[in-house]
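Accompanying notes for the structure given below.
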Amino acid sequence: MELNEALAKLNELQMKMYAYRTASSALYLDGVTVAPKETSAGRGVALGILAGEEHKLFSDPEVGKLLDFLKEKNAELDPVIARQVELLSRSYAQLSRIPMDEYVEYAQLTNDAGDAWHKAKETSDFQLFRPYLEKLVAFNIKFAGYYDSTKKPYDALLNEYERGVDMEYLDKFFGEVRSRLVPIIKKIAEQPQIDDSFLNKNYPVDVQRKFSDYLMEVMGLDRNHCTIGETEHPFTLNFNSRDVRITTNYSENSLADSLYSVVHEGGHALYELNVDPAYDYNCLSGGVSMGIHESQSRFYENIIGRSKAFAKAIFPKVKEFFPTQLEGVDADMFYRAINKSQPSLIRTEADELTYSFHVMIRYEIEKQLIGGTLEVKDVPSEWNRLYKEYLGVDVPDDKHGCLQDSHWSGGSFGYFPSYALGSAYGVQMLRKMEDEIDVWGAVEKGDLAPITAWLKEKVHKFGCLKDPADILKNAVGGEFDPKYYAEYLENKFSALYGF
Ligand code: ZN
């Protein structure tokens, strides 16, 4: 084989994979947005075939030969192509270790588990989900060995979401967060609570939709390349760097729910839109990892979106949209309300300070489940015990407890820690950004462009060209240190609550 011929084949392979993924994503998006309720069966058939075809295409032994050939020619390759070969070879090796029958059985299992989880959550009946969760855990322990047999199973799974992250890294991270933030949470409990009742007045959905348009404008999201839809759970989906979709969920009795969903998903979208378009249609496209992705979304949502400067900048406009609901409220009251901290039951509704504790609880449970020291039948009691210990709250039922998140039903174990890591990565990026540009001067003017430009240069544009650890190092100019995150929360919340 000639090198040119091999490069053409590599390109063709990646274009086909892009096409399969685009088709699957479009069907998925249709299903959760505009498709009629009783139409999932037909899409399921098509999605199953597309997944099978994609698997067949990529697991073909000819692909293995092509990648081996290109690896031998590594010295002659452009660095961007060399990176593609590296990433594809890693995925190919993993996939080829999973027997086809197990792969198919697992795809079916996650599909069925999703339905079972929905029903179990609706009726708050863990027993309906339990047999599926048992199988999912067993599969993931087995798959961890296929991913990397030299690692402990949970370390191998963590590495899939955030390359380089393992239990040692997370124990140190969560240990520091816990020891420094527990005293703050305790002190807040002794202070008079912030009044945020005006955020839960009646906020008509049609006005909220217009408000979302305004927020997208503030964030600099180009509506010719990014639209907003409505789904039960907000998410961001990227087809390529010129076509990104976000969704939100409106609740008539909450201003903050959709506001912060839009800003959060908007952060994900900016990342996707700013990846170098040269990586479209190949494996370097899109954000590099969950942790780095969350560092961007949570950066806009919390660090910027819940800052005093941002609250001041947008408040006059917020009041224009909702004059009666916010009568007598000023920017400072608004700032305090959007930062009210109170230990609670639901992760997605948690405030910035207590959020990491929700993640920590899931991490502790996953670590034990995959490590074999906790049985699935004991998940609810362990969950409730940890919520009491870490957050001091009593879990009334499994719907508001271990059944609240969909991640496990989709087979995702090792995903949760990226949420907390992302928050911490974002703070360390902020410190570096503050050294280089006038962050708060810009935010006060409602101008996020210099911030997005900085993130584009340091994080977004690389796509998957570098490993997450290298992107982080590049952005913060050194090693990751959780102390920045702990300090940031200590300072912010002690000022808010006046101690
Ligand atoms: Zn997110």
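When a ligand or atom number is given, it counts from 1 through the structure's own listing order.
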Does atom NE2 of His225 have more than 12 heavy-atom neighbours, drawn from other residues, nucleotides or ligands, at distances under 6.0 Å? yes

Tell me whether Glu487 is salt-bridged to Arg431, with the criterion being a basic N under 4.0 Å from an acidic carboxylate O. no

Which N, O or S atom of Glu294 lies nearest to the Zn ion (ligand 1), by name: OE2

Need the atom name: nearest N/O/S atom of His264 to the Zn ion (ligand 1). NE2

Closest contact, heavy atoms only, Gly291 versus Tyr425: O-CD1, 4.0 Å

Taking 2.8 Å as the cut-off, does an N/O/S atom of Glu265 lie below it from the Zn ion (ligand 1)? no

NZ/NE/NH1/NH2 to OD/OE distance under 4.0 Å, Asp30 and Arg43: yes

